[in-house]
Amino acid sequence: MSQPAYYLTTAITYPNGEPHIGHAYEYISADVMARFKRLDGYDVRFLTGTDEHGQKVQQTADREGITPYELATRNAQAIKKVDDEVLGISYDRFIRTTDEDHYAASQAIWRRMVDAGDIYLDRYAGWYSVRDERFFAEDETEVREDGGRYAVETGTPVTWTEEESYFFRLSAYQERLLELYRSHPEFAAPASRFNEVIRFVEGGLEDLSISRTTFDWGVPVPKDLTAGDTELDHVMYVWVDALTNYLTGAGFPDTDSEQFRRRWPADLHIIGKDISRFHCIFWPAFLMSAGLELPRRVMIHGFLHNAGEKMSKSVGNVVAPAAWTETYGLDAVRFFLLREFPYGQDGSYTHEAVVGRKNSDLANNLGNLAQRSLSMIVKNCDGALPSPGELTAEDQAILDQAASLLEISRTAYEKQDFHRALERTWYVLGEANAYFAEQAPWQLKKTDVARMGTVLWVTAEVLRRVALLIQPVMPESATRLLDALGVDAGGDAGATNASNTGPRSFSAFGEELIGGSPIDRPQPIFPRHE
Ligand code: ME8
């Protein structure tokens, strides 16, 4: 295949409950990235799924009186359903860490780390937070008024854990990690969060407990290892197998396969800010130990808060993705999440903010311009797109601005600056609205019909460029707009074929609309929120 490969992943969700709008934010942003790259000619592989092992899932299952696998299956199906039916996520594989090939991959990376001399048997004694699936040092915890001990950073309860455990020699990787960060400043973003990681590593790393013996819901540690013999059955610490899902999704452990060579290393891991240490410290260290290439980039997004408050079951402010898509429509939700907050920062949403974006950016700036220009074409140009006459400086200026959006978007998407790409696109739409108002084609209708035709063609052509570029964010609405403009899905902008609907590749970006193609009476594509 001649297309360049692009492999991206989301974090895999714990299937101990239903997904909320914060999870949806991550799935949608990764989906937007995947769609952009596909439209831009890449052979994309997009992995998402569920992180099914560990004490957290086991404890929830125990409370419900079912097996962890039953719980995981039920919730994995619920999550997949949200991806498929509510959010339209275009993943290529929904991986479950209970999938058979994932056990093979996890055991294979374990063996490689043993072979590298990085795993040894010892005893662990310390604090563990089941909710975070994470160990804490004594000085990272505090005793609160209720007498319980909690992790300072995350506020979750910790319990004393003392057991035989395998350890990973993380301490040996401090220098190599710092060298990675120095030589690859693009390895993680945003810079503020990357700097937190760097400072943490500079402070020194302790070896990491990577197996458990006091419960069995995990990937079994391979026996007969030189890492130290034991009578006990160990399961892997859930984060060891969880991170390995990215390799499983690329065909590991078959490192000689066409698929693995094409997919690995991953181009992009998209994750939330609470799990940056796992992805920027543990993960590259495991891969270095296993002799595997490192992912090219970890993009750390912020958290979504409900009107400034952390979403939590006890506060009762957790929003289900379907509640939003039913209220505002899927494309408006996708647009809001990517346009409203700079990716990488936390965001706080309110009903008013979503409605504001929907009505001003979508209904007014985009929907009205499309509706007005296309209606005029239907009424005044015999239902066919007019051909442009000689272009004025104003015509050329707005066309040039629209043409510049592809490179601007590419640059922004490369850094997951989604809001910047959209901001620039809407800036150009603002200019296009000003152009339309100044040129006043409804007056030209009476004085200069040819000039009216040119203005309507220019407006339609600007809309075509915008519609192409917003496909990743609003696939359904953008497709309808491209259909309305008579843009053929095959990339021949001149031919009209209303039934030929679907994604239009960016390779057609430069193919301007050709006058004469029929235009139907437009249906509203971006309705106001009443
Ligand atoms: O962390 N806003 O799973 P998870 C934005 N299984 N993002 C949020 C969020 C919010 N309010 N709440 C959660 C895990 N997330 C592990 C990952 S990856 C090898 C293993 C994000 O179900 C969170 O930051 O707790 C993470 O990226 C993802 O949702 C899954 O969270």
Side-chain angles (χ1 to χ4, degrees), residues 8-30 47-57 60 71-72 75-76 78-80 82-83 87 89 94-98 102 105-106 109 129-134 153-154 156 188 193 218-219 236-250 266 268-284 286-287 295 298-313 315 317-321 324 337-338 340-349 416:
L8 83 164
T9 66
T10 65
I12 47 174
T13 313
Y14 291 124
N16 61 329
E18 305 249 332
H20 55 61
I21 195 75
H23 297 117
Y25 179 51
E26 181 168 311
Y27 307 150
I28 288 172
S29 53
L47 185 75
T48 190
T50 41
D51 182 2
E52 307 196 351
H53 297 120
Q55 254 175 309
K56 176 148 126 166
V57 169
T60 308
L71 175 81
N75 286 321
I79 292 165
K80 192 162 176 293
V82 167
D83 279 345
L87 302 172
I89 305 301
F94 188 99
I95 190 170
R96 297 183 54 185
T97 53
T98 48
H102 180 68
S106 302
I109 193 174
S129 159
V130 172
R131 230 185 285 163
D132 300 329
E133 292 287 14
R134 187 175 148 184
E153 187 187 324
T154 59
T156 58
R193 299 208 197 284
V219 178
M236 291 180 198
Y237 169 39
V238 61
W239 270 99
V240 175
D241 101 73
L243 289 161
T244 304
N245 94 87
Y246 305 132
L247 283 173
T248 312
L268 178 65
H269 294 317
I270 284 186
I271 59 155
K273 65 175 183 179
D274 57 330
I275 54 177
S276 57
R277 278 188 205 171
F278 296 93
H279 284 80
C280 300
I281 303 173
F282 300 173
W283 184 224
F286 293 166
L287 290 167
V298 179
M299 181 67 206
I300 308 160
H301 64 73
F303 263 41
L304 269 191
H305 299 301
N306 187 333
E309 272 190 78
K310 196 170 176 218
M311 264 185 285
S312 90
K313 276 188 195 152
V315 180
N317 63 352
V318 180
V319 177
W324 264 29
L337 289 174
L338 293 176
E340 185 77 3
F341 326 111
Y343 202 62
Q345 293 178 23
D346 287 345
S348 177
Y349 58 81
Q416 292 77 49

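As the structure lists them, so they are numbered: ligands from 1, and atoms in each ligand from 1. Counting from 1, the numbers follow the sequence of the chain as shown.
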Can you check whether R96's main-chain N or O pairs, donor with acceptor, with E52's side chain at less than 3.5 Å?
->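 No, the answer is negative, given that no donor and acceptor are paired below the 3.5 Å cut-off.
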L337 vs L304, side chain to side chain contact (heavy atoms under 4.5 Å, CB included): CA-CA, chis, key distance, verdict = CA-CA 9 Å; L337 289 174; L304 269 191; 3.7 Å; yes
Are more than 12 heavy atoms from other residues, nucleotides or ligands located less than 6.0 Å from atom CD of E340?
->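 Above 12, so yes.
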Do T10 and E26 come within less than 4.5 Å of each other through their side chains, counting heavy atoms only?
->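 Touching, per the 4.5 Å side-chain cut-off.
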Taking the side chain as every heavy atom from C-beta outward, state whether T9 and T48 have any pair of such atoms under 4.5 Å apart.
->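 No, every pair of side-chain atoms sits at 4.5 Å or beyond.
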Look at ligand 1 and say whether [X] reaches it with a heavy atom at a distance under 4.0 Å.
| X | value |
| --- | --- |
| F278 | no |
| H301 | yes |
| H305 | no |
| G302 | yes |

If we only count N/O pairs under 3.5 Å, is [X] in contact with ligand 1?
| X | value |
| --- | --- |
| E26 | yes |
| Y14 | yes |
| L243 | no |
| H279 | no |
| D51 | yes |
| G272 | yes |

With respect to atom 16 (C) of ligand 1, which of I12, I271, T9 exhibits the smallest heavy-atom separation?
->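 Residue with the shortest heavy-atom distance to the ligand atom: I12.
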Going by the atom numbers of ligand 1, which of them fall below 4.0 Å from some non-hydrogen atom of [X]?
| X | answer |
| --- | --- |
| A242 | 19 (C) |
| Y246 | 18 (S), 19 (C) |
| D274 | 23 (C), 24 (O) |

Measure across N306 and S348 and return the closest heavy-atom pair with its distance rounded to 0.1 Å.
->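 For N306 and S348, the tightest heavy-atom pair comes out as C-OG, 4.4 Å.
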Nearest 0.5 Å please: distance from the CG atom of L287 over to the CG atom of L243.
->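 Atom-to-atom, L287:CG and L243:CG are 8.5 Å apart.
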Rounded to the nearest 0.5 Å, what's the gap from NZ on K273 to CD1 on I300? Could you check?
->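 With rounding to 0.5 Å, NZ (K273) is 11.5 Å from CD1 (I300).
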Would you please indicate yes or no on a ring centroid separation below 6.0 angstrom for Y25 and Y343?
->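 Yes, ring centres under 6.0 Å apart.
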So which bit of E133 gets within less than 4.0 Å of ligand 1, heavy atoms only: side chain, backbone, both or neither?
->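 Neither; no heavy atom under 4.0 Å.
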Part of I275 within contact of ligand 1 (heavy atoms, under 4.0 Å) |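 Under 4.0 Å from ligand 1, I275 contributes side-chain atoms alone.
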Compute whether any side-chain donor of one residue and acceptor of the other, for H102 and S106, lie under 3.5 angstrom apart.
->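 There is such a pair (donor and acceptor under 3.5 Å, judged by atom type) between the side chains of H102 and S106.
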Flag for Y27-T13: side-chain donor and acceptor within less than 3.5 Å |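 The answer is yes; a qualifying pair exists.
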Nearest neighbour in protein (non-hydrogen) for atom 11 (N) of ligand 1 |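 Minimum-distance protein heavy atom for atom 11 (N) of ligand 1 reads L304 O, 3.4 Å.
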